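Right, one structure below, let's go through it.
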Amino acid sequence: MAEAHRIVALPGDGIGPEIMAAARELLDRLGGFEVEEHLVGGASIDAHGTALTPEVLAACRASDAVLLAAVGGPKWDTTDPDAPRPEQGLLGLRKGLELFANLRPVRPSAALLDASPLRRERIEGTDLLVVRELTGGIYFGDSGRRDGAAFDTCSYEVGEIERIAEVAFRFARRRVTSVDKANVLETSRLWREVVERVAERHEGTELEHLLVDNAAMQLVARPAAFDVILTENLFGDILSDEAAMLTGSIGMLPSASVGAGGPGLFEPVHGSAPDIAGTGKANPLAMFGSVAMMLRYGIGREEEASAIESAVDRALEAGLRTPDLGGDATTEDATRAVLANL
Ligand code: NAD
């Protein structure tokens with residue numbers, strides 16, 4: 001028998017442990033995983049005084065993939081700049097695992113087309129992936145204040161652009177849409193040059209360039225026309241949230257962060273939902289989608305990834321609705337429904 005894949009599971013806070021328990025039922029059903037659970041975020045602050053211990057980071061580095069639920073909550077909200085914060089766990093993982101690419105697929109389930117703020121005809125057929133550069137650009141450049149003014153610096157190196165472009169072309173099925181602001185920004189002109197060079201290495205895939213303002217418009221005007229959207233950190237932050245809203249519910253959206261060959265981090269887009277923690281109302285479907293992404297992009301078990309996504313679609317078609325989708329199914333009901341369709 002093939003060796004089991006080693007997964008580090010980080011339940012975190014709020015509804016995190018509830019949806020992680022659901023994910024673990026799913027992994028048990030699929031089989032072939034060795035799961036090790038650790039504390040992160042507020043739970044880790046309570047136990048160790050820090051959101052991510054070096055031991056947990058080391059366990060993550062030694063794994064095949066890291067599955068995270070969510071961190072944070074009012075208990076750890078503080079205005080004291082020296083107090084530890086749950087989000088530091090996430091940033092520590094991204095940095096420690098060198099996760100430079102954030103992947104967010106947007107594929108509205110047929111059964112939920114009417115939950116989108118866009119008309120059904122617009123959204124139908126949408127199946128896109130946003131590939132966002134995560135560790136460079138204006139969020140990491142020099143910033144400060146001088147003589148009554150403030151500044152943030154945006155800078156990108158060729159190598160940083162090349163590696164994120166490679167990720168985008170690797171996952172594209174037909175086209176990469178590279179989004180920049182090359183009519184104004186020098187970093188965007190370098191971005192364009194490098195992306196064009198990378199495209200030459202991927203003959204079967206088309207490359208188009210869109211200016212970010214136009215991209216924001218096209219994303220709501222013709223979302224189904226996109227395949228992979230490749231963009232830098234700041235533009236990606238905004239466009240990935242815009243794209244996410246196309247599906248209508250935050251409880252449905254998975255994401256992945258991957259890097260230079262080490263383990264990737266797979267997590268729902270939503271937070272720890274402290275308002276519903278402990279009530280059994282958490283929708284586990286974004287978590288299941290994150291498990292599917294882990295199988296697809298993290299450890300290469302594509303068939304099972306598709307099987308999970310189909311099982312979720314079938315459960316929704318059969319009427320599964322958690323409270324965030326307007327129904328009354330519990331986390332447990334949703335888990336049963338998906339497992340029954342697997
Ligand atoms: P949130 O995503 O936790 O919740 C927003 C709303 O969506 C709430 O009404 C919540 O009940 C609902 N919701 C979220 N996930 C749901 C699910 N799976 N099923 C049903 N309903 C769901 O965002 P927030 O309220 O802004 O933040 C709460 C805490 O989570 C904060 O401490 C924040 O810092 C943290 N947070 C963590 C992450 C992360 O771990 N990646 C991301 C965002 C926010």
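All ligand and atom numbering here is 1-based and tracks the order in the structure. The structure presented is a predicted model; accordingly, all values stated were derived computationally and were not measured.
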Side-chain H-bond candidate by donor/acceptor type, T330 with D333, under 3.5 Å: yes

D227/R173 ion pair, N-O < 4.0 Å: yes

Verdict with reasoning, D127 to R107, per salt bridge (charged side-chain N to carboxylate O under 4.0 Å, His left out): CA-CA 4 Å; D127 185 359; R107 185 187 59 93; 5.1 Å; no

Protein heavy-atom partner closest to atom 7 (O) of ligand 1 - residue, atom, separation in Å: I250 CG2, 3.7 Å

Region of M287 engaging ligand 1 - heavy atom pairs below 4.0 Å: neither

Quiz item: cation-pi between R201 and F169, 6.0 Å / 45°: no

For atom 21 (N) of ligand 1, closest protein heavy-atom neighbour: I276 CD1, 3.6 Å

Per-atom contacts, ligand 1 versus A282 - under 4.0 Å to a heavy atom: 19 (N)

Salt-bridge contact R61-E98 (side-chain N to carboxylate O under 4.0 Å): no

Under 3.5 Å side-chain donor-acceptor pair for H38 and E55: no

Exceeds 12 heavy-atom contacts within 6.0 angstrom, atom CG of N183: yes

Residue portion contacting ligand 1 (non-hydrogen atoms closer than 4.0 Å) for I19: neither

Atom 43 (C) of ligand 1 touched by protein heavy atom at under 4.0 Å: yes

Per-atom contact, atom 38 (C) of ligand 1, protein heavy atoms, under 4.0 angstrom: yes

Side-chain H-bond candidate by donor/acceptor type, T177 with E208, under 3.5 Å: yes

Heavy-atom gap S272 to ligand 1 smaller than 4.0 Å: yes

Closest candidate by heavy atom, reference atom 16 (C) of ligand 1, pool D324, I15, V71, V269: I15

Donor-acceptor under 3.5 Å (D64 side chain, R6 main chain): yes

Element-labelled atoms of ligand 1 that are located less than 4.0 Å from some non-hydrogen atom of L90: 39 (C), 40 (O), 41 (N)

Where ligand 1 meets E267 - atom numbers and elements under 4.0 angstrom, heavy-atom basis: 41 (N)

Option nearest atom 28 (C) of ligand 1 (shortest heavy-atom distance, choices G271, S255, P274): P274

Distance from atom 13 (N) of ligand 1 to nearest protein heavy atom, with residue and atom: A273 CB, 3.9 Å

Option set D13, N283, L285, criterion heavy-atom distance to atom 17 (C) of ligand 1, minimum: N283

Enumerated ligand 1 atoms positioned under 4.0 Å from heavy atoms of A70: 40 (O)

Aromatic ring pairing H5/F33, orientation class (parallel under 30°, perpendicular over 60°, tilted between): tilted

R189/E186 salt bridge by N-O under 4.0 Å criterion: yes

Distance flag for atom 26 (O) of ligand 1, protein heavy atom under 4.0 Å: no

D80 and T78 side chains, donor-acceptor separation under 3.5 Å: no

Top protein contact for atom 34 (O) of ligand 1, by heavy-atom distance: E87 OE2, 3.9 Å

D275-ligand 1 polar pair, N/O distance under 3.5 Å: yes

Side chain proximity check, N214 to M217, heavy atoms < 4.5 angstrom: yes

Closest to atom 31 (C) of ligand 1 among P74, G89, G73, P268 (heavy-atom distance): G73

Mode of D77 contact toward ligand 1 - side chain, backbone, both, neither (heavy atoms, under 4.0 Å): neither

Atoms of ligand 1, numbered as shown, that sit under 4.0 Å from any heavy atom of G72: 32 (O)

